[in-house]
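Reading through the structure tokens given below for one structure.
Every chain is numbered from 1 and lettered A, B, ... according to where its sequence line falls, protein lines coming before strand lines.
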Amino acid sequence: MELLQGLNEKQKEAVLQTEGPVMAIAGAGSGKTSVLTKRIAYLIFEKNVHPGNILAITFTNKAANEMKERVRHALGINTYDMWISTFHSMGARILRDHIERLGYKRNFQIIDDDDTQQLVKSLMKKRNIDTKLFSPKIVRNLVLKMKFDEDFIHSVEAPYNEIVARIYKAYQAYLFDSNLLDFEDLLLLTIRLLQQEEDVRAYYNDKFRYVLVDEFQDTNNVQYELIKLLVNDDHNIFIVGDEDQSIYAFRGANIENIRKFKKDYPEHYLVLLEQNYRSTNTILDAANHIIINNTARIPKKLFSTKGKGEPITHYKGVTARDEVEYVAQTVQNMVHRGYEYNDFAILYRANSTSRMFEDVFLQKQIPYRIFGNTSFFKRKEIKDFTAYLRFILNNDDAFSFLRVIAVPRRGIGAVSIEKITTYAAEKGLAFSDALRLCHEYLGTSVANKLDAFMAIIRDFRTQLDELPFDDFVDYVLEKSGYIDMLKTDDKGDVRYENLMEFKTILAENNEIYGDLTKEEMLTFILEDIALKSEESKEDVENGVTLLTLHSAKGLEFRVVFIVALEMGMFPLARTFGDRFEFEEERRLMYVGVTRAKEKLFLTNADMRQTYGETVRNPDSKFLEEIPQELMTKEGYSVAIRRSTNVNDVYRKPELKRQILKKRQSLLDSDNVNDIKKGDKITHDKFGDGIVVSVAGEHCIIAFSVEHGVKKLLKDHPAIKKRK
DNA sequence: AGGTCTTTCCTTTTT
DNA sequence: GGAAAGACCT
């Protein structure tokens, strides 16, 4: 059969065993994605299964998109009827149709993690809980756990237990009243719906005859529960996973689910995919030697028919800058030798590491793509504008109101808003009604301002139906005063451009959802934005890929650089004391190494700036775990390491003190602006100016007319003396 | 209330 | 070193 061409025996089994539960344990690079897509093709072409009867669940949007792409293009199947999505978008899609059964309104909006964090904080403040003494971050995490299991609160210790219990209640009520769902709700409410409403469950059980779950090792208990509710009595469930690649325990992923699956579906068919089609044996050897250090795992050894390949290169830079320059230089050299920019990936543990690479790549004109990081949709202006859209659609959305009322400022501040919410609470009114009826509570001037604002919002609601999206966006930006506000913002130009970019995105969606009402359309678009956090904006055709180790999962590249391999950077310092967490770091390393097809570079630096301070981290433990004969060493590691022992700095306090002292004196001399009255200086932000007077640490400087006269710290780094 | 300067916290990782 | 929150001044 043509479809099965190029598959090995094990892979064929995984495709052909269509009925009943199947568990495929698939090592890195074992052709898992192609098994998944071919299985879908086989179901449709050979078993005549309707695409609408297939549900494929992935973990990230990137994986979902890639699977869609492959099913659509490589196999020529129309994915329109097929559900290929993440757990969360699947939940949203089901809830959009049935959530009224749970008392919510169907035009609910999704609130992202940043916003829940803020919400918890403001709820704490409103209840006079000191957010300095009690971290809102901890409270929020505990509240989220309580969402999964209310009994969880009994294991929380005083005094947090009482606070968390209160905030949990308030938080849930707030979301419900505002018709908002957080990420957890997307799963939990779907479960509640399926448990509570038998006919709904029957509908989906009948619809989803074949369920496929990718990256099963990353499912948490709630997601597993959801899978079980969706799988019907035929038990046609296919899961693919690899416990060595479980990297989401921090988010509740539970490797135990693999064992639970075995128990819940005792009749399951097991397939082991161990042959690797991706990497050279040198790379696999290194990966095997790293992962073997983890205690809790089923032994598994990847093998490959590819040759030995090139050795791994470890480069140690003198500074982090040096490390980055080396990476850039190496990329360029290899491109001259015939590689494409597309062939390279730079992998790092934390998003913040990407900054310096961006700097250097820009400078050297190396094209690159960057995944994740500050997503387009998390920018202030975009969040502001989406808050407008949300509030226009739903006047009960108090959270969006708070944002919108303050940009631009409208003379309605914290005090007045507090009055409105108190009023709503006392009278038991919906937020939208409170906004209409609260006049007596407010001063006349504030009441008038609020009226004027609500009139604008009502007008926006009318215009939404009247105007094409393009014009609607311009209309809102103009009439809300947002455009005027940007004129005084020093980042106004960039912000404006981003908003125009956002307009384009809306217009594109307009075409996709052409047959819906404007309101429905906008609701879908906002949902999309909330769930698909990242959209690689700069669409470089051929560029180096910069991404975190987490988002690298499932991808492969000819050449991979894993950077900043230092104790504290990777593995992260906070994981040192916890074996469980440390082993997750190691799995992350394993994922990183196995992304490489031909050549692997491991880099780090002797010195780097962290939090604005120079630190010297020892080499990452993971470097030692790779057999040294697989590696060649370059850079600092060869030249200098023998003469200075980095660890001395940590062992000898007096040495450390000396270094600190020297560093301090360097800092001091760097920052001292020996300026006197009458000196001409230049300021990073205010431009050129003349020193009017100096007194102690401060000085008074006259800048150009638009900035005027300012009192500033004399030694502020933004001030430089002009020659 | 709003703007500016100063201090604080920070880095996991994703939906 | 940089963003966000807070303190302080107008």
Side-chain angles (χ1 to χ4, degrees), chain A residues 57-64 85-92 110-114 116-118 121 125 131-132 135-137 144 181-187 215 218-220 222-223 246-253 320 347-356 359 371-375 377-378 380 406 408-416 445-446 449 488-489 527-534 547-553 564 568-575 581 584-585 587-588 591-592 608-614 667 685-686 697-698 707-708 710-713 716-718:
Chain A
I57 304 174
T58 63
F59 213 67
T60 62
N61 290 307
K62 205 185 297 161
S85 69
T86 62
F87 276 103
H88 291 86
S89 9
M90 174 187 73
I110 297 156
I111 175 171
D112 70 28
D113 268 3
D114 291 346
T116 61
Q117 177 78 63
Q118 244 185 305
K121 194 171 178 185
K125 282 189 173 164
T131 51
K132 281 244 168 73
S135 144
K137 212 170 176 179
L144 292 189
L181 268 57
D182 62 18
F183 284 135
E184 284 67 34
D185 285 333
L186 293 174
L187 307 177
E215 308 282 11
D218 286 328
T219 52
N220 63 27
V222 173
Q223 289 161 339
S246 161
I247 53 175
Y248 286 99
F250 73 92
R251 208 170 92 184
L347 272 45
Y348 35 81
R349 178 65 235 264
N351 274 311
S352 53
T353 313
S354 69
R355 179 172 283 141
M356 208 186 281
D359 280 358
F371 281 106
N373 221 356
T374 18
S375 126
F377 297 116
K378 284 193 172 149
K380 182 184 177 298
R409 308 259 173 207
R410 290 190 177 78
I412 301 176
V415 182
S416 310
S445 108
V446 176
K449 285 175 191 161
T488 58
D489 183 339
E527 174 183 313
D528 240 36
I529 289 169
L531 292 176
K532 293 173 190 165
S533 50
E534 114 242 314
L547 74 182
T548 63
L549 287 143
H550 280 88
S551 40
K553 190 158 68 161
M569 300 291 292
F570 183 34
L572 285 175
R574 62 185 337 144
T575 66
E581 284 190 41
E584 180 146 310
E585 296 285 300
R587 288 193 294 270
L588 207 46
V591 168
R608 78 170 58 240
Q609 299 277 116
T610 320
Y611 302 146
E613 261 200 281
T614 307
L667 269 175
K685 196 166 162 197
F686 308 124
E697 293 183 328
H698 291 92
H707 296 299
K710 293 194 188 299
K711 183 178 172 188
L712 300 168
L713 272 174
H716 196 280

A:Arg355 CZ - C:dG2 C1' separation (whole Å)
6 Å
From NE2 of A:His550 across to C1' of B:dT11 the rounded distance in Å is 13 Å
Expressed in angstrom and rounded to an integer, what is the separation of A:Asp112 atom CG from B:dT15 atom C1'?
10 Å
Distance, rounded to the nearest Å, where A:Gln223 contributes CD and B:dT15 contributes P
12 Å
Hey, are A:Gln609 and A:Thr614 close enough side-chain-wise for a donor-acceptor pair under 3.5 Å?
yes
Tell me what A:Lys125 touches on the nucleic acid: a base, only sugar-phosphate, or nothing, going by heavy atoms under 4.0 Å.
sugar-phosphate
Whole angstroms only, please: what is the NZ-C1' distance between A:Lys380 and C:dA4?
13 Å
When you get a sec, tell me which of B:dT11, B:dT14, C:dG6 is the closest nucleotide to the side chain of A:Lys137?
B:dT11
Rounded to whole angstroms, how far apart are CG on A:Asn61 and C1' on B:dT14?
9 Å
Side-chain contact, heavy-atom cut-off 4.5 Å: A:Phe59 with A:His88?
no
If you only use heavy atoms from C-beta on, which nucleotide in B:dT14, B:dT11, C:dA5 is closest to the side chain of A:Tyr611?
B:dT11
With a 3.5 Å limit on both atom pairs, tell me what B:dT11 is paired to, counting Watson-Crick and G-U wobble, or say none.
none
Are A:Phe250 and B:dT13 stacked, counting the six-membered base ring, centres under 5.5 Å, planes under 30°?
yes
Value in whole Å for how far the P atom of B:dC10 lies from CG of A:Asp114
15 Å
Nearest-angstrom distance from the residue atom CD1 of A:Ile57 to P of B:dT14
21 Å
